[in-house]
Structure formats: structure tokens, C-alpha cells
Asker: 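Pasting a structure below so you can have a look.
Here the structure is a predicted model, which is why all the values come from computation and not from measurement. The residues of the chain are indexed from 1 along the displayed sequence.
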Amino acid sequence: MDKFVIRGGNPLLGTIRVSGAKNSALPCMAAAILTEDEVVLENIPQVRDIETERKLLVSMGAEVELGYGRAQHRTTISCRVLSDPTAKYEIVKTMRASSLVLGPLVARCGLARVALPGGCAIGDRPIDLHLKGLELMGATILQEHGYLEARAERLHGAHIVFDKITVTGTEDLLMAAVLAEGETLMENCAREPEVVDVAALLVAMGANIQGAGTSTIRVKGVTKLHGARHRIHADRIEAGTFLVAGAITGGDLVVANCQPSHLSAIIAKLEACGVRITAMGTDSLRVRSEGNLRANDISTEEYPGFPTDMQAQYMALATQAEGTTTVVENIFENRFMHVGELVRMGANVKVDGRTATVRGKTPLSSAVVMCSDLRASASLVLAALVADGESILDRVYHIDRGYERIEEKLRGVGAQIRRMGDLFGSGKREVALEAQVS
Ligand code: UD1
């Protein structure tokens, strides 16, 4: 298992580029199921979840080309033949977003079999709202042998009011509705930019959608969709993580290729902590900090509020701010897995239910720490960038799920970070620990 070795203390200086949004690319790849024609997606991030989705589509009979580098991070997907509309357990268990194929498969094939996702590190994450919506659209749903089976000869339009705001639920039902007979009205929808991105692709494929990006979405079903070419927008969570990296290290960093309008809540919070952020052109932000950070509370909310996917990274910053920061996690229960590891590095954080209280500023010291999920890993990278000495982050496969070559990007702006292969598995544990204390 790969590990990161990070020596803290360097301010980040220079320009760091943001990749395409994983959470847009995933539903957009699933949307390709809705047509027999080719769908070309550009600005696909080179991360593990995308490879998992490629495998998922291929296992159903799709042809998926995925090219990086000079090939513009492009994928070409052809779902001309879908011989097996099943999302198998082996794939679903590693990526819960696999449930995004449910709606498109029923709409296109009249049948979808999706393995039940099971428990998850950051809470239960049920998909009951996806199922409820599909039932309202005329699907019958059966559960057996650990799989959900949804069937409908043709889905019909429906009035769906989400009990709770769900991002992939909104995307899944939107993809189902575009080929349904008649009109679908969806209320209390997620307003995330990723919903807007997949809606833009669907419109380019011939769908009739109004209101994406607001709480109410109206869809007029069409009988057929065609191929399209679409460019995925920048990853706002990767951009936010880099803004925190610039701020926490007392750096002067340009975060390029981002979409500042998607980052308003994050920018506002960082500014309230004393971080200077200025726009440079339309797609870059310059972040500067002299290390005099002030505490400022956050409470995670659906977009346009402060994103739950930035909570762990913000907490790393809060350990370096003067004063007490209250962090309230409203979206997922059990999303404080990074706290134990931050405390092992010297942070003062107490958790009570959905609230964490961070008392800063505490110096952080290097340690061997364990990544538990994608954003928790990002938080530990940020903490290690300011810790005294050399930290070792174990299980970085979590970070590889959603950040493209993060160690190379950070090294490019002055961080001392390197990836190591099976450091402990080959009897090199002592060497690693020596490195840590040196
Ligand atoms: C998406 C993002 C994830 C982000 C999350 C919240 C993708 C691939 N992932 O996850 O990075 O952290 O949004 O911004 O886009 N819920 C139900 N029933 C359902 C669906 C959701 O109760 O059927 C609950 C969840 O348990 C959670 C809340 O609704 O408490 C929000 O979850 P949701 O927006 O669905 O998260 P994801 O779409 O899985």
C-alpha cells in the first residue's frame, strides 16, 4: 500500500492547477448510458473513482476509452450495447456513487440491478430517496441476494419532492426523467454545481430540462437522446483544499483553473480567518497568509453553504488559528474520522455528536497517521505540511480516489512530499520511523 512521506514547514509558493471535478465526471459518465451514440467528456480527472466507473460501464458491455496527458483527459464512451445492466457488488463496495447508474439503466434498458452499497466510513448513506423517486416514476423495485432490481417498461413523469436534499439522488432521478414519458417536477433538489454540470451534458444530448441549479427542476421527457461532447468543470473541493494549503503554510499560492463562483462559501470563511484571497482573471485565485490565522466557526450545509467535503481540511486549518473554532457537521453523521489522527499530531479537538471544538493554535508534530476516507486524508496532508518533522501517511489509496497526483502538484509549489511503495510491508518500518523523528 502506498504511503506519503511529508516533511512540514515549507510555505507553498507558485501556481497549482485544479483538475476536473470527480463528482461531475461520475454522473456524466453514467449519463452516457442514456444513448446509443458516443459521448465524449473532456477534463476528466485522473483519479481512482473514474477508473472504477470505467470498469463499471465496461462490465455492462460499454466501450470506454480513457486517455490522459496530451489526450486532454478525455473519455469516449459508447453504450451502443449494454448486455448486462448490473452494477456488481465488487465495484459498488469500493465506490458508492455506483448507484448513479440506477436511473439511467432503468430509463434505457427497462431494468437495473445494483448491488446494495452497505455501510460506509462516513455514515450509513442510504439510497432510499433514489428508489422512492423511481417508484413514483413507475418502476417496481425488488430486493434480493444483496441486489436491488428496478424494472419499468417505460418510466413516466412524476411529482417528486425530496424529503432530504441529496446530490446523487437528484442526479440519478434527473437522468431517469429525461427519457420518461411526460413531465417530471422535482422539488427540494440539490443545487450543487455538479448537478448543473450533468444537466448541461443532458441538454447537449437532447434533453429538455429547466431549473438545474435551483431547488425546482422540470423535465419534459423525450424518446431518444443523442451523443454529445462536454467539458467537465473544475473541481471545487480540490480548489478549496489548495486554498487551505496556501493559507495553512503561510504561503503565496495561485490556484489556477478553478471556478471562483463555486467557491464563495469557502472563500468567505478563509477571509474571516484572516487569509487574503484575490481573483486573478476569471479562473484563478491568489491566496496569501502570513500565518496570523483567527478562529471562525463553520457549519456544513448543502450548496451554496459550506461543503461537508471541505470540513476535514478546514479543521486542519482551525488547529493553526488563534482561538476556539466550532465545527458542526450537518450532512453526514460520523464524519470526524480525521479528528483522532489530528489529535495524535498535537491538535486539541473534542467531539460531541455532530460538533467538534478545536482549540488553537497548537503546534503540530509529525507522526505516522492513517487515512480513513478521501477528505480525511486531505486534512492529514494539510496538517503534515505544517507539522514539525517528517510525517508518514498510510493508506493514501483513499486520497487517490479523488485527488489527481496530489503529491506531484504540491511538490511543484514547494512542499516536501513523496510517495513511497510498501514502506512497512517490506521490513522497512524502523527506517520509516527513524525518518519520522529525524
Ligand atoms: C455527494 C458527493 C459527496 C458529498 C455529498 C454531500 C458525489 C459522488 N458525492 O454524495 O462527495 O459529500 O454529496 O455534499 O457526488 N440521504 C438519504 N437518502 C438517500 C440519499 C441521501 O437519507 O437516498 C442522506 C445521506 O445519508 C446524507 C444526505 O442525505 O445524510 C446527503 O447525502 P447525498 O447528498 O445523497 O450524498 P451523496 O450524493 O452520496
Side-chain angles (χ1 to χ4, degrees), residues 26-27 29-36 53 56-57 59-62 79 81-93 95-120 124-190 195 198 202 205 207-209 217-225:
L26 292 173
M29 288 175 80
I33 290 174
L34 294 163
T35 176
E36 292 178 8
E53 177 117 350
L56 177 63
L57 293 172
S59 74
M60 296 173 183
C79 294
V81 180
L82 286 174
S83 44
D84 184 10
T86 304
K88 297 186 179 66
Y89 181 66
E90 294 71 49
I91 295 180
V92 175
K93 75 174 182 203
M95 189 184 69
R96 302 178 53 81
S98 307
S99 51
L100 274 168
V101 298
L102 195 55
L105 281 178
V106 194
R108 165 81 188 276
C109 310
L111 169 67
R113 291 187 76 238
V114 174
L116 282 166
C120 159
D124 270 348
R125 301 188 83 168
I127 56 164
D128 56 312
L129 302 175
H130 302 229
L131 302 179
K132 206 170 147 188
L134 285 174
E135 278 180 331
L136 286 170
M137 295 169 87
T140 49
I141 292 171
L142 269 177
Q143 184 189 325
E144 52 181 16
H145 310 303
Y147 277 78
L148 287 166
E149 194 175 282
R151 279 179 191 272
E153 220 153 89
R154 184 168 177 206
L155 295 169
H156 56 71
H159 182 190
I160 298 165
V161 185
F162 289 100
D163 294 339
K164 201 170 180 180
I165 297 175
T166 157
V167 179
T168 50
T170 302
E171 293 161 349
D172 198 14
L173 296 183
L174 179 61
M175 290 189 276
V178 291
L179 284 182
E181 188 170 4
E183 193 168 311
T184 299
L185 172 64
M186 303 202 293
E187 293 187 82
N188 201 26
C189 296
V195 175
V198 70
L202 292 168
M205 291 167 72
N208 186 335
I209 301 169
I217 302 181
R218 273 174 205 280
V219 183
K220 283 202 180 102
V222 296
T223 48
K224 208 170 160 54
L225 293 178

Asker: Measure the spacing between CD1 of Ile165 and OG1 of Thr170 and express it to the nearest 0.5 Å.
Answerer: 8.0 Å
Asker: If I compare all heavy atoms of Ile141 with all of Glu135, which pair ends up nearest, and what's the gap?
Answerer: CD1-CG, 3.8 Å
Asker: Does the side chain of Thr223 reach to within under 4.5 Å of the side chain of Arg154, using non-hydrogen atoms?
Answerer: yes
Asker: Of all the heavy-atom pairs spanning Pro104 and Leu100, show the shortest one and how long it is.
Answerer: CD-O, 3.1 Å
Asker: Nearest 0.5 Å please: distance from the CE atom of Met186 over to the NE2 atom of His159.
Answerer: 11.0 Å
Asker: Using the test salt bridge (Lys or Arg N to Asp or Glu O under 4.0 Å), find all partners of Arg113 that sit at least two apart in sequence or belong to another chain.
Answerer: Glu149
Asker: Mind checking the CG-CG spacing from Leu102 to Leu134? Nearest 0.5 Å is all I need.
Answerer: 5.0 Å
Asker: Return the minimal non-hydrogen interatomic distance between Ala30 and Val101, and the atom names on each side.
Answerer: CB-CG1, 4.2 Å
Asker: State, yes or no, whether a side-chain contact exists between Leu26 and Glu171 at a heavy-atom distance under 4.5 Å.
Answerer: no
Asker: Kindly indicate whether the side chain of Met137, heavy atoms from C-beta on, has any atom under 4.5 Å from the side chain of Val106.
Answerer: no
Asker: Could you grab the distance from atom CD1 of Ile33 to atom SG of Cys109, nearest 0.5 Å is fine?
Answerer: 7.5 Å
Asker: Say you draw a straight line from NZ of Lys164 to OG1 of Thr166; how long is it, rounded to the nearest 0.5 Å?
Answerer: 9.0 Å
Asker: Of the non-hydrogen atoms in Ile127 and Ser99, which two are nearest, and what is the gap between them?
Answerer: CG2-OG, 3.9 Å
Asker: Report yes if some heavy atom in the side chain of Leu56 is under 4.5 Å from a heavy atom in the side chain of Met29; otherwise report no.
Answerer: no
Asker: Using 0.5 Å steps for rounding, measure from the NE2 atom of His156 to the CG atom of Leu136.
Answerer: 8.5 Å
Asker: Considering non-hydrogen atoms only, spot the tightest contact between Gly138 and Ala152 and give its length.
Answerer: O-CB, 4.0 Å
Asker: In terms of heavy-atom contacts, does NE2 of His145 have more than 12 from other residues, nucleotides or ligands at under 6.0 Å?
Answerer: no
Asker: Would you confirm whether Asp172, through its side chain, and Gly103, through its main-chain N or O, come within 3.5 Å as a donor-acceptor pair?
Answerer: yes
Asker: Any side-chain heavy-atom pair from His130 and Thr168 closer than 4.5 angstrom?
Answerer: yes
Asker: Is the side chain of Arg108 donor-acceptor paired with the backbone N or O of Cys79 at a distance under 3.5 Å, no angle test?
Answerer: yes
Asker: With sequence neighbours excluded, tell me which residues meet salt bridge (Lys or Arg N to Asp or Glu O under 4.0 Å) with Glu187.
Answerer: none
Asker: With side chain to side chain contact (heavy atoms under 4.5 Å, CB included) as the test, would you mind laying out the steps for Leu34 and Leu202 before giving the verdict?
Answerer: CA-CA 9 Å; Leu34 294 163; Leu202 292 168; 3.6 Å; yes
Asker: Between Tyr147 and Tyr89, is there a donor-acceptor pair closer than 3.5 Å when you use the side chain of the first and the backbone of the second?
Answerer: yes
Asker: Do Leu105 and Leu111 make a side-chain contact, defined as non-hydrogen atoms from C-beta onward lying under 4.5 Å apart?
Answerer: no
Asker: May I have the list of side-chain donor-acceptor pairs in residues 175-182 shorter than 3.5 Å, sequence neighbours left out?
Answerer:
none

Asker: Please say whether more than 12 non-hydrogen atoms of neighbouring residues, nucleotides or ligands are located less than 6.0 Å from NZ in Lys88.
Answerer: yes
Asker: Could you go step by step and tell me if Ser59 and Ile91 meet the side chain to side chain contact (heavy atoms under 4.5 Å, CB included) rule?
Answerer: CA-CA 10 Å; Ser59 74; Ile91 295 180; 4.3 Å; yes
